[in-house]
Structure formats: C-alpha cells, structure tokens
Amino acid sequence: MPRSSELKRAVQALYRARIANDIDTIMAQLDPEFSFRIAASGRLGAIAMAVNTPESVRSTFLDLMDSWDLSGMKTIGTYVDGETIVTHRSGTIRFIPSDTEAETEFIDKFTFRNGRIIDFTEFVDTLFVAETIGLLGEQGDHRDETADYSPSTLDRMSL
C-alpha cells in the first residue's frame, strides 16, 4: 500500500492538472476501472451522473474544465484512511459561460488501488450549481408543486 504522503501528492498533482486543464495528466493518474460522480440528486441531470469508462470520464472532465474555473480553490484539509483520501477545499469558483463567481466549499473523496485513483466522488454546493447552470432562479425560486409547504408541515420539519 502506498504511503499517505504519496497519495496526498497524487491528489495535489491531480488538482494542479485540473487547474492547468491538462486532461492527459489527469487521465494518466486514473485506474482503467476509474469512476467519477458528483454527489447530487438526479434532478441536476447529467452533472450528477456517474461516469466509468475512459471515454465518458475524459468527455465529462473536458466539459467540466470548459465550464468551471477552479483556480481559486485551495485545499484546507486532507484526511487519509488507508487508500482513501478526503480533501476539504474552499475558495472562489467561476462558471465560465456566464462569468459567475461565488465562494464555496467542496469535499472530494478519492479511493486508490495500486497507487492509482479508482474512484472520485465530489460533494459540491448543489443549490449553487443548480442556480448557476439555470435549473433554478437566482434565489432558488423553483418549488416542487407536489410538496406540502403548509405551515404545519414546515413546523414538523423543524423539530
């Protein structure tokens, strides 16, 4: 099993390659059976779908690089448990198509096998993503018309 310092260096190298939009360096670090997903409801559409073939991973990462500038994100904590690394990142993210910026935080979970990344799950501010890509109005004004928003229901929810 690789030492935790080697796994941390691999994750930081992946982040540097992401900022540089270097898809080849990213792909070289991934196990052939690699899978990636953004942890979110299916209501976010394709952005919440898991990808697990080299072609779909490459395509998804290229789409993310074209849409999201992560150069303002910094790692503020890294936690290692065996071959799993969890990073806490914070900073400014920019949605390139509309030049929208916001302060946010991510949690990234990486699992390694034989020194290569086999799984990457990203936990993001899904409300920000939904608003930014146009699924919701700026103030999250989309409401589920089938949900019960009555005061008695909301009171029970705050127990």
Side-chain angles (χ1 to χ4, degrees), residues 1-136 138 140 142 144:
M1 176 184 339
R3 292 188 306 214
S4 65
S5 61
E6 293 168 355
L7 300 179
K8 288 179 184 178
R9 277 195 299 276
V11 167
Q12 291 307 314
L14 182 100
Y15 288 150
R16 285 190 303 275
R18 169 61 177 91
I19 289 169
N21 292 333
D22 184 349
I23 190 66
D24 293 326
T25 296
I26 291 170
M27 296 300 292
Q29 294 188 57
L30 309 180
D31 187 273
E33 296 178 23
F34 173 81
S35 68
F36 169 75
R37 76 183 181 95
I38 294 175
S41 161
R43 293 174 63 193
L44 280 181
I47 200 164
M49 295 208 165
V51 291
N52 56 12
T53 66
E55 298 80 18
S56 64
V57 168
R58 177 179 284 274
S59 175
T60 297
F61 283 178
L62 286 170
D63 288 346
L64 289 170
M65 286 187 256
D66 287 343
S67 298
W68 298 96
D69 174 4
L70 304 182
S71 61
M73 298 295 290
K74 304 293 181 224
T75 301
I76 58 175
T78 302
Y79 311 91
V80 181
D81 183 12
E83 291 194 286
T84 299
I85 298 260
V86 175
T87 62
H88 180 192
R89 303 177 72 210
S90 181
T92 303
I93 185 172
R94 183 172 63 94
F95 184 59
I96 296 166
S98 64
D99 200 30
T100 304
E101 289 187 353
E103 294 293 313
T104 192
E105 296 180 64
F106 290 177
I107 298 291
D108 292 335
K109 179 180 159 278
F110 297 91
T111 304
F112 286 78
R113 179 172 70 190
N114 300 322
R116 296 179 80 189
I117 302 169
I118 184 76
D119 183 72
F120 174 17
T121 302
E122 191 162 57
F123 300 84
V124 301
D125 180 345
T126 55
L127 177 59
F128 168 71
V129 171
E131 289 174 347
T132 303
I133 66 174
L135 292 179
L136 298 175
E138 288 186 26
H142 174 72
D144 181 349

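We count residues from 1, following the sequence as given.
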Side chains of F123 and V86: does their closest heavy-atom pair fall under 4.5 Å? no
CD1 on I19 to CG on L14, rounded to 0.5 Å: 10.0 Å
Distance in Å, I117 CD1 paired with S35 OG, rounded so as to fall on 0.5 Å steps: 11.5 Å
Is the shortest side-chain heavy-atom distance between E105 and D125 below 4.5 Å? no
Closest approach of K8 and T78, non-hydrogen atoms and distance? CG-CG2, 3.8 Å
Interatomic spacing from CD in E33 to CG in N52 - rounded to 0.5 Å: 10.0 Å
In short, V51 meets S56 closest at the heavy-atom pair CB-OG, 3.5 Å
Shortest non-hydrogen contact from S67 toward P97: O-CD, 3.5 Å
Does a side-chain heavy-atom distance below 4.5 Å link D24 with R58? yes
What orientation do F34 and F61 show, parallel under 30°, tilted 30 to 60°, or perpendicular over 60°? perpendicular
Of T121, L64, D119, L30, the residue whose pairing with F36 passes side chain to side chain contact (heavy atoms under 4.5 Å, CB included): L64
Supply the atom-to-atom distance I133 CD1 to E131 CD, rounded to the nearest 0.5 angstrom. 11.0 Å
Within the structure provided, determine whether M73 and T104 are in side-chain contact (heavy-atom separation under 4.5 Å). yes
Heavy atoms, side chains only, cut-off 4.5 Å: are R116 and P32 in contact? yes
Closest non-hydrogen atoms of A17 and T25, given as atom of the first, atom of the second and distance, are CB-CG2, 3.8 Å
For D108 and R89, which heavy atoms make the closest approach, and how far apart are they? OD2-CD, 3.5 Å
Please report the interatomic distance OG(S4) to CD(E83), rounded to the nearest 0.5 Å. 11.5 Å
Between atom CZ of R18 and atom CG of D69, what is the distance when rounded to the nearest 0.5 Å? 7.5 Å
Do W68 and T132 have side chains that approach each other closer than 4.5 Å (heavy atoms only, starting at C-beta)? yes
